[in-house]
J.: 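Handing you this structure, nothing more for now.
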Amino acid sequence: SRFPDIKKAEQYILDAKRSPKPYKTCVAIARGTKNVHVASHAISIISAAVLREWNELSSQSGGGTIEAIRNELLKMGAQPPQGSVLGHNAVQKQLAHVVAVISK
């Protein structure tokens with residue numbers, strides 16, 4: 001696992017939460033962890049950041065756009081690797097919620 005120590009993972013998430021545009025970091029956390037709580041928290045940071053940075057993101061083109069973030073979240077939810085926490089029901093619901101918020 002990329003985050004064998006939950007304390008290190010929590011600190012990594014707190015650092016991501018404080019940073020602008022934490023999307024790539026949070027996607028890496030969600031994909032790399034074996035802990036449902038850690039994946040859920042990373043996804044919630046993405047949701048909060050999208051809402052916080054909506055105006056800036058919607059005026060950009062390329063990988064930082066709202067569309068790119070939505071597509072990445074859809075991919076994570078639609079095809080979780082075997083044994084990944086991304087397939088867990090709670091994580092799936094959270095991914096669906098964030099995609100719905102972005103799509104509105």
J.: What do the steps show when you test Y23 against L73 for side chain to side chain contact (heavy atoms under 4.5 Å, CB included), and what is the final call?
T.: CA-CA 10 Å; Y23 311 106; L73 295 173; over 6 Å; no
J.: Between T33 and A30 (side chain of the first, backbone of the second, donor and acceptor by atom type, cut-off under 3.5 Å), is there such a pair?
T.: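 Not confirmed, T33 side chain does not pair with A30 backbone.
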J.: Looking only at atom types and distance, does a side-chain atom of Q94 sit under 3.5 Å from a main-chain N or O of I43, one as donor and one as acceptor?
T.: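 Looks like no, no N/O pair under 3.5 Å.
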J.: Could you grab the distance from atom CD of E53 to atom CD1 of I66, nearest 0.5 Å is fine?
T.: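 Reported value, rounded in 0.5 Å steps: 9.5 Å.
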J.: Is there a path of hydrophobic side-chain contacts, each under 4.5 Å between heavy atoms of I, L, V, M, F, W or Y residues, that connects V101 with V98?
T.: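 Different hydrophobic clusters.
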J.: Would you check if H37 and S40 make a side-chain contact, meaning some heavy-atom pair closer than 4.5 Å?
T.: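 No, their side chains stay 4.5 Å or more apart.
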J.: Quick one: pull up CE in M76 and CG in N71 and give me the separation to the nearest 0.5 Å.
T.: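 Answer rounded to 0.5 Å: 13.0 Å.
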J.: Looking at K24 and E72, is there a salt bridge between them, counting it only when a charged N and a carboxylate O are closer than 4.0 Å?
T.: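 Between K24 and E72 there is no salt bridge, as every charged N stays at least 4.0 Å from the carboxylate O atoms.
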J.: Please report the closest heavy-atom contact between A78 and P80, naming both atoms and the distance.
T.: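 Taking A78 first and P80 second, the nearest heavy atoms are C-CD, 3.5 Å.
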J.: Nearest 0.5 angstrom please: E67 CD to S103 OG, how far?
T.: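 Interatomic distance, E67 CD to S103 OG, rounded to 0.5 Å: 8.0 Å.
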J.: What are the two closest non-hydrogen atoms of V85 and K34, and how far apart are they?
T.: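 Of all heavy-atom pairs spanning V85 and K34, the closest is CG1-O, 3.2 Å.
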J.: Is any side-chain heavy atom of I46 less than 4.5 Å from a side-chain heavy atom of I69?
T.: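 Heavy-atom side-chain distance check passes, below 4.5 Å.
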J.: Using modelled atom types and a 3.5 Å cut-off, is there a donor and acceptor pairing between side-chain atoms of S84 and backbone atoms of G87?
T.: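 Checking the backbone N and O of G87 against the side chain of S84, no donor-acceptor pair under 3.5 Å is found.
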J.: Donor-acceptor pair, S44 side chain versus H41 backbone, under 3.5 Å?
T.: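 Checked: pair present.
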J.: Rounded to the nearest 0.5 Å, how far apart are CD1 of I29 and CD1 of I45?
T.: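 That separation rounds to 6.5 Å.
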J.: Working to the nearest 0.5 Å, report the span between OG of S47 and CZ of R52.
T.: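 If I round to the nearest 0.5 Å, the distance is 10.5 Å.
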